[in-house]
Amino acid sequence: MPQPTQTAIMVIGGAEDKVHGREILHSFFGRSGGEDARIAILPCASREPALIGDRYRSIFQAMGAKAIEVLNICDRAQCDDPVLQAYVSDCTGVFLTGGDQLRLCGILADTPLMTILRSRAQAQALTLAGTSAGAAVMGYHMIAGGGSGETPNRSMVDMTLGLGIIPEVIVDQHFHNRNRMARLMSAIAGHRDRLGIGIDEDTCAVFEGDGILQVMGKGAVTIVDPGEMSYTNHAEVSQTEPLCISNLRVHILDAGSCFDLHKRRMTLLNR
């Protein structure tokens with residue numbers, strides 16, 4: 001398990017355990033400072049932000065966090081609020097809840113609040129976690145929606161811009177649970193300069209500052225790497241025709257596995 005004293009960007013595939021062991025949420029709590037954590041919960045992706053915000057507040061309070069604020073941001077103008085900006089500038093952990101990733105980006109993208117959050121996360125000045133929709137927004141390019149199925153094609157995935165917190169990746173969540181392998185492959189075929197990250201439910205890809213991705217949780221993290229892809233017909237076929245993709249590399253990592261994002265290879269931790 002990753003050391004809980006280090007800051008990280010925690011990308012969660014959704015449906016993380018909130019009742020029993022709460023392994024992933026405990027790791028976020030510990031990485032944010034434990035009892036000394038100052039946590040900001042951003043539930044603005046949800047249609048019921050007050051309800052979901054209070055749920056996570058109760059969880060982190062039960063763990064012992066003494067300073068928790070639910071930043072219930074409903075429109076972009078609130079991101080100009082100096083009080084909210086000051087809290088995000090000072091907090092040790094930020095948690096982006098699930099919901100609708102388009103709604104989340106519509107509220108936060110290109111705002112002063114998001115600039116503060118992104119710069120602090122990239123500088124390893126806080127621990128940032130996002131689950132489900134909060135995970136989908138991590139890349140510069142984002143999967144906004146699409147279908148599931150066995151054969152990659154262009155109609156399977158709708159792309160837009162994310163929040164650019166980890167610009168080099170494209171994230172898909174609820175991955176094997178919703179049969180999204182072909183969807184992620186379709187996205188990567190159109191964005192050969194990115195790395196696909198598919199995360200199962202109750203599973204977390206932990207991005208450390210040293211360029212190492214660590215896996216925790218009960219499922220797997222799937223890496224779709226186009227670095228050595230030799231051919232795709234992505235630019236030549238219609239929306240519904242099958243994609244042809246040659247030499248696409250796939251890594252499937254379970255808990256305890258690591259992936260070097262610079263060298264594009266898997267290593268094992270505590271095996």
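Everything numeric here is computed off the predicted structure, so don't read it as measured data. Count residues from 1 along the sequence. Note that these values count all heavy atoms, side chains included, but never hydrogens, waters or copies made by symmetry.
Here the closest non-hydrogen pair linking L126 and T7 is O-CB, 3.5 Å. Contact between C204 and I12 at its shortest, heavy atoms only, is SG-CG1, 3.9 Å. When all heavy atoms of S46 and T97 are compared, the closest pair comes out as CB-OG1, 4.5 Å. Across all their heavy atoms, G98 and S132 have their closest contact at CA-CB, 4.0 Å. Contact record, D225 with G227: OD1-N, 2.8 Å, taken as the closest heavy-atom pair. The minimum heavy-atom distance linking G14 with H174 is given by the pair CA-CE1, 3.8 Å.
Considering CD1 of I73 and CG of L42, their distance stands at 5.0 Å, rounded to 0.5 Å. In this structure, the separation between CE on M156 and OG1 on T151 is 6.5 Å, given to the nearest 0.5 Å. One distance of note links NE2 of H234 with CG of N153; it measures 9.5 Å at 0.5 Å rounding. A distance of 8.5 Å separates CD1 of I39 from CE of M63, quoted to the nearest 0.5 Å. One distance of note links CG of D17 with OG1 of T203; it measures 11.0 Å at 0.5 Å rounding. For the atom pair L117 CG and Q85 CD, the distance stands at 11.5 Å (nearest 0.5 Å).
Following chains of ILVMFWY side-chain contacts shorter than 4.5 Å, one can reach V171 starting from L102, so the two form part of one hydrophobic cluster. In the hydrophobic clustering of ILVMFWY residues, with side-chain heavy atoms under 4.5 Å counting as a link, I116 and L163 come out together. The cluster map of Ile, Leu, Val, Met, Phe, Trp and Tyr, joined by side-chain heavy atoms under 4.5 Å apart, puts M266 and V11 in the same cluster.
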> Passes side chain to side chain donor-acceptor pair (under 3.5 Å), R180 versus Q173? Steps please.
Replying inline: CA-CA 8 Å; R180 288 177 168 171; Q173 6 66 330; 2.9 Å; yes

> So E150 and N179, side chain to side chain donor-acceptor pair (under 3.5 Å) or not? Walk me through it.
Replying inline: CA-CA 8 Å; E150 302 300 330; N179 192 22; 3.1 Å; yes

> Taking it one step at a time, do I166 and I197 satisfy side-chain contact (heavy atoms from CB on, under 4.5 Å)?
Replying inline: CA-CA 11 Å; I166 314 174; I197 310 289; over 6 Å; no

> Run the side-chain contact (heavy atoms from CB on, under 4.5 Å) check on L128 and L96 step by step: do they pass?
Replying inline: CA-CA 8 Å; L128 172 65; L96 304 175; 4.2 Å; yes

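Side chains of E228 and R264 form no contact here, defined as non-hydrogen atoms less than 4.5 Å apart. At least one side-chain heavy atom of H141 sits less than 4.5 Å from a side-chain heavy atom of L161. Contact check for R183 versus S148: no side-chain heavy atoms found under the 4.5 Å cut-off. Counting heavy atoms from C-beta outward, L84 and C79 have side chains that stay 4.5 Å or more apart. By the 4.5 Å heavy-atom criterion applied to side chains, L104 and C44 are counted as neighbours. L71 is listed as a side-chain neighbour of V88, based on a closest heavy-atom distance under 4.5 Å. Side-chain contact check for R76 versus L113: every heavy-atom pair is 4.5 Å or farther apart. Annotation: side chain of Q214 is not in contact with side chain of F207 (no heavy-atom distance under 4.5 Å).
At least one donor-acceptor pair under 3.5 Å links the side chain of T232 to the backbone N or O of C244. Without hydrogens or angle criteria, D158 side chain to A144 main chain gives no donor-acceptor distance under 3.5 Å. The backbone N or O of P167 sits less than 3.5 Å from a side-chain atom of R194, completing a donor-acceptor pair. Distance alone, capped at 3.5 Å, places no donor-acceptor pair between the E236 side chain and the N233 backbone. Looking only at distances, no side-chain donor or acceptor of R38 sits under 3.5 Å from a matching main-chain atom of T92. Judged purely by atom type and a 3.5 angstrom limit, H26 has no side-chain atom pairing as donor or acceptor with the backbone of R22. Judged purely by atom type and a 3.5 angstrom limit, Q78 uses its side chain to pair as donor or acceptor with the backbone of D75. No donor-acceptor pair closer than 3.5 Å links the side chain of T160 to the backbone N or O of M142. Remark: side-chain polar atoms of Y140 are not paired, donor with acceptor, to backbone N or O of I165 under 3.5 angstrom. Side chain of E208 to backbone of A8: no donor-acceptor contact under 3.5 angstrom is found.
In the hydrophobic clustering, where aliphatic and aromatic side chains (Ile, Leu, Val, Met, Phe, Trp, Tyr) are joined below 4.5 Å either directly or transitively, L248 groups with I143, V157, M159, I170, F175, M181, L184, M185, I188, V224, M229, V237, L243, I245, V250, I252. V19 forms part of no hydrophobic cluster, judged by ILVMFWY side-chain heavy-atom separations under 4.5 Å.
Note: F95 and Y56 have tilted aromatic rings, judged against thresholds of 30 and 60 degrees for the angle between ring planes.
Within a 6.0 Å radius of CZ in R192, more than 12 heavy atoms belonging to other residues, nucleotides or ligands are found. Other residues, nucleotides and ligands place no more than 12 heavy atoms under 6.0 Å from the CG atom of D110.
Looking at E48 and R55, no side-chain N of the basic residue comes within less than 4.0 Å of a carboxylate O on the acidic one, giving no salt bridge.
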